[in-house]
Protein chains: 2
Amino acid sequence: MADIIATLQKQHDELSRSEQRIAEIVFEDKAFAVNASIIELAARADVSPPTVTRFCRRLGCNSFSEFKVRLAQSAFIGTRYLEPEIKVSSAQEVIDTVMGRAQSTLNVLHENVDPAVVEKIAERILKAKMIYAFGSGGNSSLFAHEVQNRLFRLGLRVAASEDHSMQLMTASTLSEEDMVIGLSISGRNRELARALEVAAGYGAATASVTKGESLVAQASQLSLAVDLPEGTDVLRPSSARYAFLAAIDMIAFLVAIRRKDSAIEPLRRIKRQLVTYRDEDDTQVLGD
Amino acid sequence: MADIIATLQKQHDELSRSEQRIAEIVFEDKAFAVNASIIELAARADVSPPTVTRFCRRLGCNSFSEFKVRLAQSAFIGTRYLEPEIKVSSAQEVIDTVMGRAQSTLNVLHENVDPAVVEKIAERILKAKMIYAFGSGGNSSLFAHEVQNRLFRLGLRVAASEDHSMQLMTASTLSEEDMVIGLSISGRNRELARALEVAAGYGAATASVTKGESLVAQASQLSLAVDLPEGTDVLRPSSARYAFLAAIDMIAFLVAIRRKDSAIEPLRRIKRQLVTYRDEDDTQVLGD
DNA sequence: AATCGATAAGAAAATAATTTACATTCTGAA
DNA sequence: TTCAGAATGTAAATTATTTTCTTATCGATT
């Protein structure tokens, strides 16, 4: 069941004028919307109650109260994120803001992610003899290491690189047995796009997790689109991080499931090593 | 406004017998309670509707619908995702599972994070002349780099290390002007705990983001507790990642706000370099 | 420009949900 | 046992919501 605010944003253009007015108010003042009766909300939007009911139906709810419940379930979390410039100063406000943005970002990804692409990338990973994860810049290099971190636990051969030159050189040594996964938030990493093309030129499979339609997306055979609105406030932490982590999570999780039997043994071994070495409590997280 | 489920548990003993029966049902099946009408809920608890109204009032709500809204807002609603073993096989199920766990993990963090500690760590970071972020193992080393990635953008001096030996050697060179931030999911990283103690021994400030009460937490002066239930299924991706990322996000965000004026300039510079070099569209994410 | 069809939106009626007011039934202490 | 007070239910009143039906609006077509 999708987040109602996300649905609201997505369907905004398909709403009638009155409905958009309701949407506006809901969006602007969720605290009001969540507590108001249908009559109050209708009055404030200057429409009739039946229009509000129709508005709820259009959003996939059976009734106004179902709408309110769904709104309450997401409003709490999402409130702050969508409003561009909020005054934030106390620690509690920072916490709420960070959480709100993270949640909202994940919701946006959830709404837009294409299962077919996740499936295809996972399948291709399973076929590869060796996998290279490429990403540069503070964030995307992190993602490359995350890919490595996740896949090696499944007993796959995988290397990560954040170095453009290494990426390019590596790409030119590949063959049909190899696969390159490119990571880029912006999708404008020219060097990465080049490396992907070179790799493909030598027969390697290429995939990316990046902005849809971007340079990097176009340079790869498979591309999982992660499209997120990024604010303009320079102080704003890039909440895209959560979405990329989740995207990688999805791919890795599916790979794990698809090769379940052969994946358990490497994990067991890693775990045993860590436990033996560190202490006896084997509930600890794999590899910290 | 307190969480309604928490209120429910706290006031449990002061409720009458019928009210306790209602509480029971709400607690057992929140999904039902949140969607049911007062009549349905009353019927299921085998009480009359007015008793339900009285129950709501006792919990500090003015009406049944206010109660429902508060219930829907309760973070506990999200915890259904934490239920251990769901059979997952299709890509869509994987996506839903990954998203659900990520959201739940974030909810748990949101519930438990201590704003005072976030504030203290941020304040201490602002005082330090140099910051070292230490973490090892696939996940925690990622977090160390995340700390570095976030703080250098604010114009702070920061280095990350995932190497135990380097951490220990570095720790022994520090002074009052330095600060070490230790990252560990499990909190059982003995080498990290040692490095933190050594650093403190030489007068450096020490903080950690790790499991509460753990070895690493005890070894540091300030510790932001991130306590999450970790499943036992070895195939399960560690959703703790999201919570740690968020925890770091909170600290970095607060640091950014506290030194707002001086933080904008470094960010502006980083951005200008990237834009000039890469392309003209300056909406791209800082550092990809 | 006139007309048709489709969609949107409101009015009023019908229905359903919730609350209030009041009556009854318990419970436990004197 | 009896009585005060709390707890609960019944039924009425109120309020909220939805349905049905009508009117208005807009755009396309002739």
Side-chain angles (χ1 to χ4, degrees), chain A residues 1 4 7-75, chain B residues 4 7-74:
Chain A
M1 194 173 63
I4 194 81
T7 312
L8 198 80
Q9 289 179 300
K10 207 169 67 181
Q11 300 209 348
H12 186 267
D13 294 341
E14 292 155 37
L15 298 176
S16 73
R17 207 165 327 141
S18 298
E19 287 169 344
Q20 286 188 5
R21 219 152 53 228
I22 300 168
E24 192 69 13
I25 284 165
V26 169
F27 210 74
E28 293 291 305
D29 193 349
K30 297 181 196 68
F32 166 78
V34 115
N35 292 306
S37 74
I38 195 169
I39 294 167
E40 290 167 323
L41 181 57
R44 184 140 158 199
D46 208 17
V47 300
S48 65
T51 301
V52 176
T53 296
R54 282 186 281 258
F55 165 82
C56 299
R57 298 259 159 85
R58 177 108 48 171
L59 261 39
C61 301
N62 289 317
S63 66
F64 176 65
S65 53
E66 188 181 321
F67 167 77
K68 283 219 292 189
V69 164
R70 293 244 260 140
L71 184 63
Q73 284 175 334
S74 86
Chain B
I4 194 80
T7 312
L8 197 79
Q9 288 176 304
K10 209 166 57 190
Q11 301 211 345
H12 187 268
D13 293 342
E14 292 155 38
L15 298 176
S16 74
R17 208 168 319 147
S18 299
E19 287 169 344
Q20 287 188 4
R21 219 150 54 228
I22 301 168
E24 191 70 13
I25 286 165
V26 169
F27 206 74
E28 292 293 305
D29 193 349
K30 300 181 194 69
F32 166 79
V34 114
N35 292 305
S37 73
I38 195 170
I39 295 166
E40 291 167 322
L41 181 56
R44 187 142 155 196
D46 208 18
V47 301
S48 66
T51 301
V52 176
T53 295
R54 283 187 280 258
F55 166 81
C56 300
R57 297 260 160 84
R58 179 122 27 185
L59 261 40
C61 302
N62 290 317
S63 66
F64 177 64
S65 54
E66 188 180 322
F67 167 76
K68 283 219 291 190
V69 164
R70 293 245 260 141
L71 186 61
Q73 286 176 334
S74 167

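Proteins get letters first, then strands, A, B, ... in listed order; numbering begins at 1 in each.
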Next on the checklist: Nearest 0.5 Å, please: how far is CD1 in A:Ile39 from CZ in A:Arg44?
Outcome noted: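 Going from CZ on A:Arg44 over to CD1 on A:Ile39, the span is 16.0 Å.
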Any [X] side-chain N or O less than 4.0 Å from OP1/OP2 of [N]:
X: A:Ser18; N: C:dA9; answer: yes
X: B:Thr53; N: C:dT19; answer: yes
X: A:Ser48; N: C:dA11; answer: no

Given atom [atom1] of [X] and atom [atom2] of [N], what is their separation to the nearest angstrom?
X: B:Glu40; N: C:dA16; atom1: CD; atom2: C1'; result: 11 Å
X: A:Asn35; N: D:dA16; atom1: CG; atom2: C1'; result: 16 Å
X: A:Arg17; N: D:dT25; atom1: CZ; atom2: P; result: 11 Å
X: A:Lys68; N: C:dT18; atom1: NZ; atom2: P; result: 10 Å
X: A:Glu19; N: C:dA8; atom1: CD; atom2: C1'; result: 8 Å
X: A:Arg21; N: C:dA8; atom1: CZ; atom2: C1'; result: 12 Å
X: A:Ile39; N: D:dT17; atom1: CD1; atom2: P; result: 6 Å
X: B:Leu41; N: C:dA17; atom1: CG; atom2: C1'; result: 13 Å

Item to check | Shortest side-chain distance from B:Thr51, nucleotide among D:dA16, D:dT19, D:dT8 | outcome: D:dT8
Item to check | B:Ser63 versus B:Ser65, side-chain donor and acceptor atoms under 3.5 Å | outcome: yes
Checklist entry - Over its full length, what angle do the end axes of the helix from C:dA1-D:dT30 to C:dA30-D:dT1 make, each axis taken from five pairs and the result rounded to 10 degrees? => result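 Taking the rotation axis at each end, their angle is 10°.
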Are [X] and [Y] side-chain neighbours, meaning at least one heavy-atom pair lies under 4.5 Å?
X: B:Val47; Y: B:Phe55; value: no
X: B:Cys56; Y: B:Ile38; value: no
X: A:Arg70; Y: A:Leu59; value: no
X: B:Leu41; Y: B:Phe64; value: yes

Checklist entry - Hey, does A:Val47 reach any base, or is it just sugar-phosphate, or nothing, if we go heavy atoms under 4.0 Å? => result sugar-phosphate
Checklist entry - Should we say atom CZ of B:Phe27 is surrounded by more than 12 heavy atoms from elsewhere, each under 6.0 Å from it? => result no
Checklist entry - Side chain of B:Lys68, backbone of B:Ser37: donor and acceptor closer than 3.5 Å? => result no
Next on the checklist: Tell me if a side-chain donor or acceptor on B:Glu66 pairs with a main-chain N or O of A:Asn35 at a distance below 3.5 Å.
Outcome noted: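 No, the answer is negative, given that no donor and acceptor are paired below the 3.5 Å cut-off.
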Next on the checklist: I need the residues from residues 54-65 of chain B with at least one non-hydrogen atom less than 4.0 Å from DNA chain C; give them sorted by number, or say none.
Outcome noted: B:Arg57, B:Ser63, B:Phe64
